[in-house]
Amino acid sequence: QVQLVESGGGLVQAGGSLRLSCAASGRAFSMYSMAWFRQAPGKEREFVAAIGASGLLQHYADSVKGRFTISRNNAKNTVDLEMNSLKPEDTAVYYCSSRTDLGVPTRPESYDYWGQGTQVTVSS
């Protein structure tokens with residue numbers, strides 16, 4: 001069983017930055033691929049970024065490429081999402097997720113564990 005707890009959300013003006021963090025429990029964190037998804041009101045949950053177990057493999061949604069950076073610290077069981085040049089359309093609840101298999105897929109159903117989410121609001 002894996003428990004994921006997100007932190008770092010908040011309110012920021014357009015053009016600003018936020019750093020989200022996800023703390024994971026469980027002894028096999030370094031074997032899991034991790035990802036961030038987001039869900040805006042009235043919309044489906046969408047892929048943001050993913051990172052493989054070693055951190056070398058990364059994948060980003062086109063909408064955040066060049067602005068967001070995913071990273072992980074396997075010694076601390078954490079995965080972070082650095083978000084720069086934020087836009088109002090980035091407003092959503094952001095979820096951390098993990099999967100017990102290889103690869104960095106983009107579909108939510110490919111992930112096994114989810115956090116409760118953290119709200120990010122970008123004002124114009």
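Computed from a predicted model, the values in this text were never measured in an experiment.
By the 6.0 Å contact criterion, NZ on K43 is open, its count of non-hydrogen atoms from other residues, nucleotides or ligands being 12 or less. Heavy-atom contacts from other residues, nucleotides or ligands closer than 6.0 Å to CD of Q13 number 12 or fewer.
Residues V104 and L20 fall into different hydrophobic clusters, defined by Ile, Leu, Val, Met, Phe, Trp and Tyr side chains chained together at heavy-atom separations under 4.5 Å. One hydrophobic cluster, built from ILVMFWY side chains closer than 4.5 Å, cannot hold both F47 and I70; they sit in different ones. Hydrophobic cluster membership is shared by V93 and F37, with clusters built from Ile, Leu, Val, Met, Phe, Trp and Tyr side chains linked at under 4.5 angstrom. Follow the hydrophobic side-chain contacts under 4.5 Å out from L18 and you reach I51 in the same cluster.
Closest approach of A92 to A40, counting heavy atoms only: CB-N, 3.8 Å. Contact between T91 and V122 at its shortest, heavy atoms only, is OG1-N, 2.9 Å. Contact detail for T78 and A23: the closest heavy-atom pair is CG2-CA, 4.3 Å. G9 approaches V120 most closely through the heavy-atom pair CA-CG2, 4.2 Å. For the residue pair G115 and Y95, the shortest heavy atom distance occurs at O-CD2, 3.6 Å. The minimum heavy-atom distance linking A53 with S30 is given by the pair CB-O, 3.2 Å.
Summarising the geometry, atom NZ belonging to K76 is positioned 9.5 Å from atom OG belonging to S21; distances are rounded to the nearest 0.5 Å. For the atom pair CZ (F29) and CE (M34), the distance works out to 4.5 Å, reported to the nearest 0.5 Å.
With sequence neighbours excluded, no residue satisfies ring-ring contact (aromatic ring centres under 6.0 Å, His included) with F68.
For the pair S63 and R38, the minimum side-chain heavy-atom distance is below 4.5 Å. Side chains of D80 and E82 form no contact here, defined as non-hydrogen atoms less than 4.5 Å apart. With contacts defined as side-chain heavy-atom distances shorter than 4.5 Å, the pair W36/C96 qualifies. Put simply, the side chain of L4 does not reach to within 4.5 Å of the side chain of W114, judged on heavy atoms.
Judged by the 6.0 Å distance and 45° axis criteria, R72 is not positioned over the aromatic ring of Y32.
Under 4.0 Å is where a charged nitrogen must lie from a carboxylate oxygen, and between K87 and D90 no such pair does.
Between the side chain of T121 and the backbone N or O of L11 there is no donor-acceptor pair closer than 3.5 Å. For D112 (side chain) and T100 (main-chain N/O), a donor-acceptor pair under 3.5 Å exists by modelled atom type. E6 contributes a side-chain N or O that, together with a main-chain N or O of Q116, makes up a donor-acceptor pair within less than 3.5 Å. In this structure, S25 contributes its side chain and Q3 its backbone to a donor-acceptor pair below 3.5 Å.
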Item to complete: Using the side chain to side chain donor-acceptor pair (under 3.5 Å) rule, take Y111 and R99 through it: C-alpha gap first, then chi angles, then the decisive distance, then the call.
Response: CA-CA 5 Å; Y111 291 81; R99 67 186 247 116; 5.2 Å; no
